[in-house]
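Here is the structure we will look at, set down as structure tokens.
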Amino acid sequence: MSRTVLGFDRLVAFVLGLVLVAAGAGAAAWGLGQLTRVWAGAPQAVSTAAAGDVYGRSWWPGAAAAAAVVLALLGLWWLFAHVPRRSTGPLRLTGSDRSGALAVDGSSAAAAAADVLAEVPGVRSASGRVVSDRGQLVAEIDVTAEPDADLAEVAAAVDATGAQLAQVIGRDDLRGRVAVRVARRQRQGSRVR
Amino acid sequence: MSLTTERPTSTPTARLRPAKLPTGPGTIGWLGPVLALLLVGVAVLVGQDAWVRLQGGSTTWLGTATSALDGLAPTAAVAAVGVVVALVGLWFVVAALEPRTRDALPLGGTSGAHLRTADVARLASGAADQVDGVLRTRSSAGRRSVTVDVTTTAARGGAGGGVDGVADRVRTSVEHALRALETPPRVKVRTTAPKGDDQ
């Protein structure tokens, strides 16, 4: 999910929160009969007559239908904006010019690096891809290790494989992020007793 | 493209520079989509009202809710609802201002490898499980320390240092397992005897 969407989420939550605090505090004060201290004209009971009048107007159904469509579109756009879109196309390599473009499929290279890491003792599985993240081109590799894996050995393998991946892709702006996850339980039969 | 499983025999000329450590969005990460769903819910409410009235009807969800509020007088129940609404609002404000969560610990090295605190706890349990005299383990980890709760079969003052000896061996084993982290967390070990055991 992008930073812009998260910022929008925060803004809406903040404004809605302030509105709810004000409305809740007002309702609480009114319920305890204290609202007249700050608002002398506070009503003695809720009246929804004005809303009833609006519902009866001829323009109301059309306006409500239009508002419903707008709100639904806005809500769906907002909802689906939370789905992350971080994929990158083929990566253009140095040496590309008018005579021809050199490109590499970064995700295939990262997947191959993950396959290499999956062979390291103590590593159960690994997967890799190249994504665009917070303005960086990132080779993201997820490694799942056994609970008794030798972390130093995994770290050394990650460094060596990362260096190879950097050489293969050959882009100075490529960064690496390897998430080492640890399996909840030891895989049956993977440990000699 | 070829990647081999062999370790490079010399220092590689290229190196993969680490990306920024991942951070979590915190509460707003799920509250945002929930608010978006609520907006869709409001659209459904208004849309149902429009649909029914365009069909010539007059009994709608919105109309029924509005009528239910008509004539409401101030009571303690209204005040209680108001307090709940205000607290929910306050929680929204706190969630909106909450900083992003940081639970990743970098591994020493150059390629931007990291573990989350939950994985550090699992690794600690995995290391503690391999120590003689350990029956069960449960671990929890933060970015600065990891706590390992060990249920041991050793007796207090027994052979091999007893319970204290097991705790020491667990601490050593866990520290060894976590040594590859850039800043290894402090290891705390708590030992208990199995339930129903007088040891």
Side-chain angles (χ1 to χ4, degrees), chain A residues 6 9-10 12-14 16-18 20-21 23-25 27-28 30-33 45-46 48 51 55 61 64-65 67-68 71-72 74-76 78-79 82 109 112-113 116 119 134 136 138 147-148 151-152 155 158-160 162-168 175-182 184, chain B residues 1 3 5 7-8 12 14-20 25 28 31-33 35-37 39-40 42-43 46-47 49-50 53-54 63 66 69-76 78-79 82-83 85-86 88-90 92-93 95-96 107-113 115 119 122-123 125-126 130 177 180:
Chain A
L6 266 178
D9 289 350
R10 286 182 190 276
V12 173
F14 184 75
L16 186 62
L18 288 184
L20 289 178
V21 167
W30 182 68
L32 295 172
V46 173
T48 58
Y55 294 155
L71 290 178
L74 192 64
L76 289 173
W78 187 15
L79 190 62
H82 288 91
V116 172
E119 298 297 320
R134 288 183 266 171
Q136 289 185 331
V138 180
D148 64 349
L151 203 55
V158 164
D159 276 356
Q164 287 182 325
L165 181 62
Q167 277 182 323
V168 167
R175 306 296 175 105
R177 181 185 297 136
V178 182
V180 180
R181 306 184 199 287
V182 178
R184 202 178 289 272
Chain B
M1 165 187 9
L3 289 165
T5 52
R7 300 279 167 75
R15 76 181 182 87
L16 195 57
R17 287 184 295 163
K20 294 171 195 162
I28 199 72
L31 186 59
L35 291 177
L37 273 176
L39 186 60
V40 175
V42 170
V46 177
D49 192 278
R53 290 182 199 280
L54 286 170
T66 310
L69 285 175
D70 198 33
L72 185 71
T75 59
V78 171
V83 168
V85 168
V88 170
L90 200 61
F92 276 23
V93 171
L107 264 176
T110 58
S111 298
L115 276 83
D119 296 298
R122 287 178 190 173
L123 206 62
S125 287
Q130 295 176 57

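Every chain is numbered from 1 and lettered A, B, ... according to where its sequence line falls, protein lines coming before strand lines.
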Per-residue contact mode, Val158(A) against chain B (heavy atom under 4.5 angstrom): both
Between Ala45(A), Ala51(A), Ala155(A), Ala65(A), the one whose heavy-atom pairs under 4.5 Å with chain B are most numerous: Ala45(A)
side-chain contact (heavy atoms from CB on, under 4.5 Å) involving Val12(A) - partner list, sequence neighbours excluded: Phe8(A), Trp78(A), Leu35(B)
Exercise: identify the closest heavy-atom pair between Ala79(B) and Leu32(A): CB-CG, 3.7 Å
Residue among Val78(B), Val40(B), Leu115(B) with most heavy-atom pairs under 4.5 Å to chain A: Leu115(B)
Part of Ala76(B) within contact of chain A (heavy atom distance under 4.5 Å): backbone
Pick from Gly75(A), Gly31(A), Gly33(A), Pro61(A) with the largest number of heavy-atom pairs that fall under 4.5 Å of chain B: Gly31(A)
Euclidean distance, Leu79(A) CG relative to Leu37(B) CG, rounded to 0.5 Å: 5.0 Å
Minimum-distance pair of heavy atoms, taken over all atoms of Val93(B) and Leu18(A): CG2-N, 3.8 Å
Closest non-hydrogen atom pair, Thr48(A) against Asp70(B): N-OD1, 2.8 Å
Straight-line distance of Leu123(B) CG to Arg181(A) CZ, nearest 0.5 Å: 14.5 Å
Option that, when pairs with chain A are counted at under 4.5 Å, heavy atom only, ranks first among Ala73(B), Ala95(B), Gly47(B): Ala73(B)
Among Val42(B), Leu31(B), Thr75(B), residue most engaged with chain A (heavy-atom pairs, under 4.5 Å): Thr75(B)
Salt bridge (charged side-chain N to carboxylate O under 4.0 Å, His left out) partners of Arg10(A), counting only residues at least two apart: none
Closest contact, heavy atoms only, Ala13(A) versus Ala96(B): CB-CB, 4.0 Å
Selection from Ala177(B), Gly108(B), Pro18(B) maximising heavy-atom pairs under 4.5 Å formed with chain A: Pro18(B)
Top contributor to chain B contacts, counting heavy-atom pairs under 4.5 Å, from Ala152(A), Ala72(A), Ala28(A): Ala28(A)
Separation of Ile28(B) CD1 from Phe14(A) CZ (nearest 0.5 Å): 11.5 Å
Nearest heavy-atom neighbours spanning Arg122(B) and Val182(A): NH1-O, 2.8 Å
Heavy-atom pair with the smallest gap, counting every atom of Tyr55(A) and Gly63(B): CE1-CA, 4.0 Å
Best-contacting candidate, Thr66(B), Leu107(B), Leu69(B), against chain A by heavy atom pairs under 4.5 angstrom: Thr66(B)
Most chain A-contacting option - heavy-atom pairs closer than 4.5 Å, from Ala180(B), Ala50(B), Ala36(B): Ala36(B)
